[in-house]
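Just so it is clear, the values below take in all heavy atoms, side chains as well, and ignore hydrogens, waters and symmetry mates. Letters A, B, ... are given to chains in the order of the sequence lines, protein chains preceding strands, and every chain is numbered from 1.
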Protein chains: 2
Amino acid sequence: MSVAESGRFEKIKVPSAYQMVAEAIEREIMAGRLRPGDEIGTEAELVRQFGVNRSTVREGIRLLEQGGLVQREAGRKLYVCLPHYRKLSDRMSRALVLHQVTFRELFNASMILELGVIEAAVDNADADDLAALEANQKQAEAAVDDPVRLAEIDTNFHALLARASGNRVLELAREPAALLFFPTSELICRRVPQGAGRMVTAHRHMIDAVASRDKEAARVWTRRHLVDWRKGFERAGRDIDEPVERIFERLSTARQYS
Amino acid sequence: MSVAESGRFEKIKVPSAYQMVAEAIEREIMAGRLRPGDEIGTEAELVRQFGVNRSTVREGIRLLEQGGLVQREAGRKLYVCLPHYRKLSDRMSRALVLHQVTFRELFNASMILELGVIEAAVDNADADDLAALEANQKQAEAAVDDPVRLAEIDTNFHALLARASGNRVLELAREPAALLFFPTSELICRRVPQGAGRMVTAHRHMIDAVASRDKEAARVWTRRHLVDWRKGFERAGRDIDEPVERIFERLSTARQYS
DNA sequence: TTCGTCCCTTTGTCGGACAAAGATTGCACA
DNA sequence: TGTGCAATCTTTGTCCGACAAAGGGACGAA
């Protein structure tokens, strides 16, 4: 029963062959000797190079596959690729759910992240970003009576805003929380009559604030938007201290926005 | 050369058996029917249940393994486990590097995240958190002449602060950036004579601010701490708009802090 | 040129095999 | 009766060989 054998020496780990295969390939990628778009050799070539069996090579490849470092094009050749944000964020979100974080944590973190995002967006948004936001707003206005669709549009709105920030670190940092947070708008729009209208109004003011580079208005309306969420959440009879439940059935089938 | 065949139909994806194995197990976990700590059956059992070959089962398991959803205890039984933050953050950091984000993005994002973290820490830190921070501070004072060690301590300082925030969403959101950002303190302490001293001083004031629940002081000193980083970074002859380079050799061998 | 057909390559899956190491059983001995 | 040790069973990691399906290219016909 020695789970945490605390002592003088570190536990010796003897990596298995398939792990070493994965690590070797990953090192090549991280060192820049394999670049995104390059194709890794065939399994037969890897078998020759590493001197292990094909089964072992394949297990190593599976490890990389999940990390998003390599991709198979339609069951065919194996390419190095840039891990896609969305996929990584999905994993993160799953972890948050399994760790049973509360809606309060989600709310507080999102307040910080979204305020940061919109401030950066005020500084950096260009015409394309604004056009994308306007298009999203049009969709929202047309969907005020469809909670499912509206929640999806809301999620996209904030993703577009994050992209407009021009800061990919921030964009990635907010995404795991956002993937759990904004889809709950559906619940709120469904239970609170004026919820949808207030959401659309807030989005309108946020876009305008970004367009006119008005940081103060941007902060005010973002905060209001999120506080609305919280009020709606409680009015819908939910407790903000309950853990985020498993809402991934919807998320995993949601349409990609990029 | 049809990489992005944009057309009327979505691409048809035919999932292979090993992917279905992984997805089936993952569904069980996310649905709560398999809980962290439970042991997944032996490979032989999975072979029976899924009706596929052992090689296929093993490839499926490798997919889950990388995601951190399952863990093998010393080459032995397979358990469901909670994905560890550190591992997920490592993946995220790698992705940021591969996407060639700039130090400017890293700096701006960290400013937002760390300010958010310390405000939450001011509200939520308990005696244990403060004790841990004090212990870290002692280490830092003893290592002012060792840039490598000091950078590690700085990284840990901010991780402890994030934990003190009591917000795991925020803690996770900041980590990918932090894993890239704070280790660069080594460079600065090495190149800028007064860098180490200013760092220790800033940490001192940050701890005091958290202990005395002084949010304004906490913000001021955090901002000063990060601005110091930026000045040092430029004084060390680096351009803040250059992409984050590949510094993972160090990171991957860095000691775990939790 | 365009199209279809044949052939080669590569992947996904299967079946079986074996050594090493953990887990279990059973026995000898105190 | 309880304890320590050896034999045995189980499970994993790795290897080997095999085959169907699908992609890709060569080659010839229209």
Judged by atom type as modelled, is there a donor-acceptor pair below 3.5 Å linking the side chain of A:Q19 to the main-chain atoms of A:S16?
-> yes

Is the shortest side-chain N/O distance from B:R58 to OP1 or OP2 of D:dT11 below 4.0 Å?
-> no

Identify which nucleotide among D:dT14, C:dC14, C:dT11 has an atom closest to any side-chain atom of A:A17, counting heavy atoms from C-beta outward.
-> D:dT14

Heavy-atom side-chain proximity of B:S185 to B:L150 below 4.5 angstrom = no

Which of parallel (below 30°), tilted (30 to 60°) and perpendicular (above 60°) describes B:F107 and B:F181?
-> tilted

For the residue pair A:Y85 and B:H99, categorise the inter-ring angle as parallel (less than 30°), tilted (30 to 60°) or perpendicular (more than 60°).
-> tilted

Salt bridge (Lys or Arg N to Asp or Glu O under 4.0 Å) test vs B:E43 passes for just one of B:R48, B:K77, B:R58, namely B:R58

Between the two end axes of the helix from C:dT1-D:dA30 to C:dA30-D:dT1, each built from 5 base pairs, what angle do you get to the nearest 10°?
-> 10°

B:I61 has an atom CD1; how far is it from atom P of D:dG13, in whole Å?
-> 8 Å

Atom CD of A:E28 with >12 non-hydrogen neighbours under 6.0 angstrom | yes

Ion pair check, A:R62 and A:E59, cut-off under 4.0 Å | no

I'd like a table of atom pairs between the protein and nucleotides 16-18 of chain D - only N or O on both sides, under 3.5 Å - with the distance next to each one.
from, atom 1, to, atom 2, distance (Å)
D:dA18, N6, A:R54, NH2, 3.3

State whether A:E39 and A:R72 are salt-bridged, where the test is any N-O pair (Lys NZ or Arg NE/NH1/NH2 against Asp/Glu carboxylate O) under 4.0 Å.
-> no

Looking only at side-chain atoms of A:E59, point me to the closest of D:dT11, C:dT11, D:dT14.
-> D:dT14

